[in-house]
Amino acid sequence: MSSVTTAHAPKGLEGIVATTSGICYIDGDQGVLAYRGIDIHELADHSTFEETCYLLWSGRLPTRNELKETRDRLAEERKLDPAIINLLRSVPRHVVPMDVLRTAVSALSFYDAEEKNNDHESNVHKAIRLTSQIAMIVAVYDRIRKGKPIVEPDRSLSHAANFLLMLNGTKPTPTAERALDIALILHADHELNASTFAARVTAATLSDMHSAIVSAIGCLKGPLHGGANEAVFHILESINSSGSDPVEYVKGMLAQKKKIPGFGHRVYHTEDPRATHLRKMSQDLGDSNGQGKWFEMSHAIEQFVKADKKLNANVDFYSASTYHILGIDVDLFTPVFAVSRVSGWTAHVIEQLDDNRLIRPRADYIGPAYPQPWTPLEKR
Ligand SMILES: CC(C)(COP(=O)(O)OP(=O)(O)OC[C@H]1O[C@@H](n2cnc3c(N)ncnc32)[C@H](O)[C@@H]1OP(=O)(O)O)[C@@H](O)C(=O)NCCC(=O)NCCS
């Protein structure tokens, strides 16, 4: 046991620093989130998802030419091998989009000429490709499962606008495009969250980018992580359809010792800075679309949970109502999280492989004391 450096493992690795990273800065006490040192509020107010991708992958903001090139390259990669479309068509109809995404991303590797190359350049190419393809898979599968024709990508559009076009069949309004663009910026990275950690662990074995992203997607879908936004909307829907009082509904959940999805955070002990933007988006979009009820319900729940449990809303709470008002189905909320977070996952895989060492921690053994006797079968 000489290589064990900590005596006891904090449950859930709380507070453990597991790597160095130059990508994402979080101050959980002050509610600060920054990508490459740039505050998330600046990025949400002034940037685009494409610019954020460049920032995450390259470590600095792009010049005008570099931004154009990033946009063009993401647009050029808006293509899926026909075999992927066939795979999406052959999926049993009961399968949820998040599981389809996980399997389809794994299959993307069969058609990626750079699958086995783990050098920096190839990984950047794969990051661009996966970012474009994941958005397409989510939109294309949704059209297929609804029996609607697949919408061809429009390479003149932004990533956000093209996604909404391929999903809904019509070009989004500038307001909808910008709302999704901001949501994509806000979800793009979050340091060593569970799915990013999973991606880095996989990459560190010198597996490959696709395998790392598949690990991350499997991790994101859990309701304690990215699956929380879907759980939030199920609650809002249930309150809406039953005519319940939102506060009484949530009180009932707490009385049954249930956690309220969209609240609490391992790292933030104050307002999640992403929630600040999503709250405003949910309110503004609701007001302009005559769907203010989702914000009102959410706000009532937030005020109660904050006062009663001292818990703040996290990124998933107001993204639920925001996505719903944008016309996105509830079981696409977590896939849409992946549409954004792939930018961060791939940035972390690139960083990991640029200076790799196998990630292999130790366990604090609490089993029967060593040595235990081996008892023959007939004597047990
Ligand atoms: C995010 C989350 C997983 C962080 O978990 P964590 O750091 O392990 O914190 P814990 O689950 O140990 O919670 C600490 C305490 O706060 C309570 N708590 C935390 N989140 C809560 C929530 N959403 N609703 C009710 N109580 C909550 C726990 O019950 C626990 O109380 P206890 O000490 O009396 O047992 C947790 O807050 C959660 O499950 N939130 C809901 C799911 C969610 O929104 N996930 C998305 C995160 S971005």
Side-chain angles (χ1 to χ4, degrees), residues 8-18 24 26-29 31-33 35 40 98 183-199 216-239 246-279 281-282 297-324 330-331 333-341 344-345:
H8 296 289
K11 205 169 177 192
L13 296 183
E14 181 166 0
I16 295 290
V17 174
C24 188
I26 301 177
D27 181 332
D29 295 327
V32 174
L33 166 62
Y35 302 158
I40 194 72
M98 196 60 181
L184 296 179
I185 294 169
L186 297 172
H187 286 81
D189 195 47
H190 210 232
E191 200 220 45
L192 274 203
N193 60 91
S195 55
T196 302
F197 187 52
I217 293 173
C219 200
L220 184 72
K221 84 175 213 181
L224 294 187
H225 190 9
N229 54 14
E230 297 186 10
V232 170
F233 199 73
H234 287 308
I235 291 173
L236 297 180
E237 260 181 332
S238 167
I239 292 171
V247 171
E248 291 307 318
Y249 189 97
V250 167
K251 274 186 190 167
M253 286 182 73
L254 291 172
Q256 294 171 55
K257 304 267 174 255
K258 288 186 182 160
K259 281 183 166 177
I260 314 300
F263 287 91
H265 202 274
R266 176 64 68 75
V267 181
Y268 293 118
H269 307 298
T270 181
E271 167 116 338
D272 178 336
R274 303 166 297 177
T276 315
H277 290 271
L278 288 158
R279 182 189 295 109
M281 279 162 65
S282 163
M297 270 185 250
S298 304
H299 197 48
I301 293 172
E302 183 189 25
Q303 283 177 313
F304 169 73
V305 174
K306 199 168 169 149
D308 191 68
K309 298 289 292 179
K310 311 275 175 290
L311 288 169
N312 290 295
N314 60 42
V315 67
D316 291 306
F317 189 62
Y318 282 105
S319 63
S321 43
T322 300
Y323 290 159
H324 174 72
V330 62
D331 61 1
F333 290 2
T334 313
V336 170
F337 195 151
V339 166
S340 163
R341 185 57 60 86
W345 290 331

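In what follows, residues are counted from 1 in the order of the sequence shown. Every number for a ligand or one of its atoms is a count from 1 in the order of the listing.
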Validation row: Phe304, Ile260 side chains within 4.5 angstrom (heavy atoms):
no
Just verifying a value: how many Å separate Ser321 OG and Arg279 CZ, rounded to the nearest 0.5 Å?
10.5 Å
Plane angle bin for His225 and Phe337 - parallel if under 30°, tilted between 30 and 60°, otherwise perpendicular:
perpendicular
Check each atom of ligand 1 against the heavy atoms of His265 and keep those under 4.0 Å away; list them by number with element.
37 (O), 48 (S)
Under 4.0 Å from atom 40 (N) of ligand 1, is there any protein heavy atom?
yes
When you compare the side chain of Tyr318 with that of His299, does any pair of heavy atoms fall below 4.5 Å?
yes
With heavy atoms only and a cut-off of under 4.0 Å, state how Glu14 meets ligand 1: side chain, backbone, both or neither.
neither
Atom pair CE (Met253) and CD1 (Ile235), whose distance is rounded to the nearest 0.5 Å
3.5 Å
List the closest protein heavy-atom neighbour of atom 7 (O) of ligand 1: residue, atom name, distance to the nearest 0.1 Å.
Arg266 NE, 2.7 Å
Within the structure, does Lys259 bring an N/O atom to less than 3.5 angstrom of an N/O atom in ligand 1?
yes
Is the Phe333-His234 ring centre distance short of 6.0 angstrom?
no
Tell me yes or no: between the side chains of Thr334 and Asn229, is some donor less than 3.5 Å from an acceptor?
yes
Does the protein come close to atom 9 (O) of ligand 1 - that is, does one of its heavy atoms sit below 4.0 Å from that atom?
no
For the 3.5 Å polar cut-off, considering only N or O atoms, please tell me whether Leu254 and ligand 1 meet it.
no
Minimum-distance protein heavy atom relative to atom 26 (N) of ligand 1:
Leu311 CD1, 3.6 Å
Could you tell me whether atom 30 (C) of ligand 1 has a protein heavy atom closer than 4.0 Å?
no
Do any non-hydrogen protein atoms sit less than 4.0 Å from atom 15 (C) of ligand 1?
no
Is the shortest distance from atom 35 (O) of ligand 1 to a protein heavy atom below 4.0 Å?
no
If you scan protein heavy atoms around atom 24 (N) of ligand 1, the nearest is Ile260 N, 2.9 Å
Between the candidates Pro223, Gly226, Gly264, which shows the shortest non-hydrogen contact distance to atom 42 (C) of ligand 1?
Pro223
Measure the shortest side-chain to side-chain distance between Asp316 and Pro261 over non-hydrogen atoms and say whether it is less than 4.5 angstrom.
no
Hey, are the side chains of Leu278 and Val315 touching, using non-hydrogen atoms and a 4.5 Å cut-off?
yes
In this structure, atom 20 (N) of ligand 1 is nearest to the protein heavy atom Phe263 O, 3.8 Å
Distance to 0.1 Å, residue and atom name: give those for the protein heavy atom nearest to atom 45 (N) of ligand 1.
Leu224 O, 3.1 Å
Should one rank Ala194, Ala228, Ser319 by closest heavy-atom distance to atom 43 (C) of ligand 1, which comes out on top?
Ala228
Hey, mind stepping through Asn193 and Arg341 against side-chain contact (heavy atoms from CB on, under 4.5 Å) and telling me if it holds?
CA-CA 11 Å; Asn193 60 91; Arg341 185 57 60 86; 3.1 Å; yes
Contact bool for atom 48 (S) of ligand 1 (protein heavy atom, d < 4.0 Å):
yes
So if I count the atoms of ligand 1 from 1 in the order they appear, which ones are less than 4.0 Å from some heavy atom of Gly262?
43 (C), 44 (O)
Given side chains that start at C-beta, do those of Glu230 and Pro335 come closer than 4.5 Å, heavy atoms only?
yes
Under 4.0 Å between heavy atoms, the region of Asp316 that gets near ligand 1 turns out to be side chain
Is the closest N or O pair between Asn314 and ligand 1 shorter than 3.5 Å?
yes
Under 4.5 Å between any side-chain heavy atoms of Arg274 and Tyr268, yes or no?
yes
